[in-house]
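Read the structure below first, then the notes.
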Amino acid sequence: MSEPIHGPLYITNTLTRRKEEFVPLDPPRVGLYVCGPTVYSDVHLGNVRTFLSFDTLYRWLSFIGYKVRYVRNITDVGHLVGDVDEGEDKIAKRARLEQLEPMEIVQKYTNGFHDVMRLFNILPPSIEPTATGHLIEQIGMVERIIQSGFGYEVNGSVYFDVPRFAGKYAYGELSGRRIDELLTNTRDTEGMDEKRSPLDFAIWKKAEPQHLMKWPSPWGEGFPGWHLECSAMSTKYLGPTFDIHGGGMDLKFPHHECEIAQSIAADGHAPVRYWMHGNMLTVNGRKMAKSEGNGFTPEELINGNHKLLDKGYSPMTVRFFMLQSHYASTLDFSNAALQASEKGLERLMAALDLLPGLKAGTADGADVAALEARCHAAMNDDLNTPVMIGELFEGVRIINSVNDGRLTLTAASIDKLRTLMQQMVLEVLGLTHERAAQADDRTLDGLVQAFIRMRAEAKAKKDFAASDAIRDRLLELGITLKDTKEGTTWSRS
RNA sequence: GGUCGCGUGGCCGAGUGGCUAGGCACAGCUCUGCAAAAGCUGCUACUGCGGUUCGAAUCCGCACGCGACCUCCA
C-alpha cells in the first residue's frame with residue numbers, strides 16, 4: 001500500500017481487556033484464525049454479524065498492507081448436544097432427523113453458509129479447513145496432551161485434566177474464571193463418572209456402536225472433542241503461536257479457554273497473542289440464538305417473511321446497519337434502525353455515483369487529506385467503523401456540495417476524494433452497489449426515457465397536470481424521476 | 001448465586017475529563033411550476049444519588065434497570 005496510513009493499529013485484546021497496539025510476530029505477515037460455523041443448520045443473522053466483524057478486520061489489515069493468512073474453519077463434527085456424557089453429535093443427530101448421510105448434512109449447510117457469506121459480501125478466508133479433514137492432527141494433539149500429563153484415558157475416551165493444568169498454569173485468564181469458583185458453581189456433578197473433575201472436558205470421545213461419525217484412534221473408535229479442532233488446525237496452518245484469534249463473545253468460555261489450555265498442554269506455550277471477540281446481535285434486548293427461536297435467516301430478512309420484520313431489507317442495508325455499530329458492542333435489531341440504515345446507505349451510495357462527474361475548480365473548499373486521516377484513524381482505533389462512517393458522511397456532504405456548485409475542489413482533491421471514498425466504502429466496508437445491477441435493463445431504460453421525453457414536452461407546454469400524472473404513474477411502478485439541471489434522471493426504489 | 005458488561009437526545013448509535021460524532025425522523029429556509037434530491041438552520045442528550053476535580057455523560061462508590069457467560073451457541 002502506497003497510501004499513508006495514519007498511525008499504528010490498536011485493537012482490543014480480550015485477553016488483557018485493553019486496547020493494545022497491534023504488532024505482528026512476523027510482519028508483514030499476519031496469522032488470523034476465526035472460529036467458523038458448525039454446519040448442522042442454517043446460519044442466522046447473529047452468526048453473520050461475527051463473520052462480518054472479522055471480515056472488517058481482515059479487510060483493514062489487508063488494506064494497511066499486511067499479508068494476512070486468514071483461517072476460518074468449518075466444524076463438521078464434534079459438537080455435542082445436551083449433557084456432556086450423554087452427548088450426541090449435532091451433525092449425526094441432524095442426519096438422523098433428515099434421513100441423510102452425515103456428510104450430506106455437512107455439505108448442505110456448508111453450501112448454505114457460503115451462499116450467505118457471498119450474499120453479504122463477506123470475503124472467503126485464505127484457508128477453510130474442516131475438522132473431519134484433520135483427524136490426524138487432532139489425534140496427534142491428544143497424544144501430546146497425554147504425554148505432557150494433562151490428558152488421561154478412561155474407557156476409550158480421553159479427557160483434559162483441568163485442575164491439574166490449573167495447578168501449573170493460569171486457567172481462566174481469558175474469561176476471568178477462577179477454578180475454585182467454577183468448581184463451586186458446577187451444576188450437576190452426576191453422570192460424570194468418567195471424568196476426574198466436572199471441569200474436565202473430552203478431547204477424544206469413544207463412539208458407541210450406533211454412532212455414525214467415528215474414526216480409529218489409539219484409544220479405539222471415536223471422534224474428537226469439541227474444542228480440539230480449532231487448536232489443531234490453527235497450529236497446523238498458523239503455527240504454535242500466532243497473531244489474532246477471533247470469534248463470538250459466547251465462545252470465550254469454555255471454548256477459547258479450552259483452546260488455550262490444550263495448546264499450552266500440548267506445545268508448551270500460549271497459542272494466541274491477541275484475542276478478539278465480537279459482540280452479540282440482540283432482538284428486543286435478547287441475544288439472537290437458535291435456542292431462543294428469535295433468529296431469522298438471511299432469506300427471511302430479504303423477503304421480509306418473518307413476524308419480527310415489517311418489510312424486507314437488502315443484504316447491503318444489513319451490512320451497513322451492522323457496521324454502524326462497533327463490533328464489540330451489542331447491537332439491537334429493530335425495524336426502525338434498519339430503515340434508518342437503508343436511507344443512510346442510499347444517500348452514501350448516491351454520493352459515490354456523483355464522484356466521477358464532479359467538476360474541478362481552482363481552489364479547495366474542503367480538506368480531503370484531513371478527512372482521509374480521520375477515516376484511517378477511526379479504523380486504526382479498534383476498527384471503529386461507526387466513527388469512520390460518520391466521517392464518510394462528511395465526504396458525502398462535500399461531494400454533494402461540489403456537485404451543486406456550492407463548494408469547489410481542485411482536480412487533485414477530487415481525485416483524492418474519489419479514491420478515498422471508493423476505498424473506504426467499497427474495499428474496507430465492503431459495501432456494494434445493489435441498485436446498479438437492477439437498472440441495467442436497456443429495454444426498461446428505453447421505456448422510461450420515452451416517458452421522460454413525453455413529460456418534458458408536457459412541461460414545455462406548461463401542462464403540469466400531464467407531466468405530474470406521468471411522474472406519479474411511474475412512481476407507482478417503483479420508478480422515481482428526478483429533475484436536475486442536466487435533465488431528468490430516474491432510479492428504482 | 002458467581003464473573004463480566006451495559007444504561008446517551010423521538011429512534012439507532014459513537015465518544016475524549018473541559019471545545020454540541022454521525023445516521024434516521026421532525027421543523028424552517030434555499031433551490032424548484034410542483035415534487036424528489038441536495039445544501040443550510042433548528043432540535044444540545046448522557047438511569048438515579050453521592051464523591052473526586054477549577055470542571056465529569058466521561059474517574060470512584062452506592063442504588064435501580066437490562067444483558068452476556070457460567071450447558072451447545074457467532
Side-chain angles (χ1 to χ4, degrees), chain A residues 17 34-38 40-41 43-54 79-84 87 90 172 175-178 180-182 184-188 226 246-255 277-282 285-292 295 320-321 324-326 328-348 350-351 354 374 378 381 384-394 396-397 399-401 403-407 459 462-465 467-468 471-472 475 480-485 488-489 491 493:
Chain A
R17 274 156 235 198
V34 172
C35 290
T38 305
Y40 68 96
S41 67
V43 291
H44 63 243
L45 220 54
N47 303 308
V48 171
R49 187 184 184 206
T50 297
F51 299 124
L52 171 62
S53 296
F54 291 103
H79 273 220
L80 301 175
V81 166
D83 178 61
V84 175
K90 273 185 178 172
S175 55
R177 309 289 146 130
R178 286 178 34 189
D180 47 337
E181 283 168 357
L182 284 170
T184 325
N185 290 321
T186 303
R187 280 177 186 168
D188 31 33
W226 355 331
M249 213 63 133
D250 46 359
L251 295 182
K252 226 167 156 182
F253 187 89
H255 186 61
H277 288 93
N279 217 323
M280 300 292 105
L281 180 69
T282 60
R286 300 202 160 265
K287 175 183 169 184
M288 184 181 280
K290 284 163 189 170
S291 52
E292 294 263 346
F320 185 66
F321 162 71
Q324 274 184 298
S325 78
H326 188 77
S329 304
T330 55
L331 171 64
D332 198 54
F333 181 92
S334 73
N335 282 283
L338 258 293
Q339 273 156 38
S341 292
E342 191 173 57
K343 286 287 193 64
L345 177 63
E346 218 165 275
R347 197 155 80 86
L348 178 64
L354 293 174
R374 290 199 303 273
D381 183 13
N384 200 328
T385 52
V387 166
M388 211 266 271
I389 289 170
E391 299 297 348
L392 292 178
F393 276 101
E394 169 67 9
V396 168
R397 215 203 83 237
I399 292 166
N400 287 327
S401 295
N403 187 243
D404 290 350
R406 289 192 196 89
L407 192 73
K459 277 172 70 175
K462 301 266 189 240
D463 185 358
F464 295 123
S467 70
D468 287 354
R471 187 175 59 198
D472 292 345
L475 190 61
T480 309
L481 298 187
K482 269 189 236 173
D483 295 333
T484 71
K485 289 193 195 83
T488 302
T489 63
S491 63
S493 48

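Computed from a predicted model, the values in this text were never measured in an experiment. Per chain, numbering begins at 1; letters A, B, ... match sequence-line order. Values below: every heavy atom of this structure, side chains too, minus hydrogens, waters and symmetry copies.
A:Leu331 places its CG atom 18 Å from the P atom of B:rA74, with the value rounded to the nearest Å. If you measure from atom CZ of A:Phe253 to atom P of B:rU71, you get 6 Å, rounded to the nearest angstrom. Remark: P of B:rC12 and CG of A:Leu281 are 14 Å apart, rounded to the nearest angstrom. At whole-Å resolution of the value, CD in A:Gln324 and C1' in B:rC11 are 12 Å apart. Counting to the nearest Å, the P atom of B:rA35 and the NZ atom of A:Lys482 are 16 Å from each other. Going from atom CG of A:Leu345 over to atom C1' of B:rG13 covers 16 Å, rounded to whole Å. Nucleotide B:rA36 holds its P atom 14 Å from the CG atom of A:Leu481, rounded to whole Å. Here B:rA21 presents its P atom at 14 Å from CZ of A:Arg374, a figure rounded to the nearest Å.
In this structure, the side-chain contact (heavy atoms from CB on, under 4.5 Å) partners of A:Leu251, at least two apart in sequence or on a different chain, are A:Cys35, A:His255, A:His256. A:Asp404 pairs by the salt bridge (charged side-chain N to carboxylate O under 4.0 Å, His left out) definition with A:Arg406, not counting sequence neighbours. Residues forming a ring-ring contact (aromatic ring centres under 6.0 Å, His included) with A:Phe54 (at least two apart in sequence, or on another chain): none.
A:Asp472 comes within 4.0 angstrom of nothing in the nucleic acid, heavy atoms only. Across all strands, A:Gly46 comes closer than 4.0 Å to base atoms (heavy-atom distances). Contacts of A:His44 with the nucleic acid, taken as non-hydrogen atoms under 4.0 Å apart, include base atoms. Residue contacts for A:Met249: at a heavy-atom cut-off of 4.0 Å it reaches no nucleic acid atom on any strand shown.
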### Task
Report the C-alpha separation of A:Lys343 and A:Glu346 in whole Å, then their side-chain angles, then the decisive distance to 0.1 Å, and conclude whether the salt bridge (Lys or Arg N to Asp or Glu O under 4.0 Å) test is met.
CA-CA 5 Å; A:Lys343 286 287 193 64; A:Glu346 218 165 275; over 6 Å; no

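Each of A:Gly285 and A:Pro254 has a nearest nucleotide on RNA chain B; the 5'-most of these lies closest to A:Gly285. The residue among A:Glu391 and A:His326 whose nearest nucleotide of RNA chain B lies closer to the 5′ end is A:His326.
Closest to the side chain of A:Thr480, from the set B:rA36, B:rG13, B:rA21, is B:rA36. If you check B:rC72, B:rC24, B:rA74 against the side chain of A:Leu251, the one that comes closest is B:rA74.
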## Note on the structure
Letter by letter from the 5' end, nucleotides 25-34 of chain B scores (B base, S sugar-phosphate only, - none; protein heavy atoms under 4.0 Å) S-------BB

List, with names and distances, any nitrogen or oxygen atoms from the protein found under 3.5 Å away from nitrogen or oxygen atoms belonging to nucleotides 2-9 of chain B.
residue	atom	partner	partner atom	Å
B:rG2	O2'	A:Glu181	OE1	3.4
B:rU3	O2'	A:Gly176	O	3.4

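A:Arg49 and A:Ser325 form a side-chain donor-acceptor contact under 3.5 Å, judged by distance and modelled atom types alone. Between A:Asn279 and A:Ser329, the side chains place no donor N or O within less than 3.5 Å of an acceptor N or O (distance only, hydrogens not considered). Checked by atom type, the side-chain pair A:Gln324/A:Thr385 shows no donor-acceptor distance below 3.5 Å.
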### Per-nucleotide pairing state of RNA chain B [Watson-Crick or G-U, under 3.5 Å; [ ] pseudoknot-crossing; | other strand]
(((((((..(((...[.[...))).(((((.......)))))....(((((..]..].))))))))))))....

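Dashed line: the shortest gap from a side-chain N or O of A:Arg347 to OP1 or OP2 of B:rA36 is not under 4.0 Å.
A donor-acceptor pair under 3.5 Å is formed between the side chain of A:Thr282 and the backbone N or O of A:Leu331.
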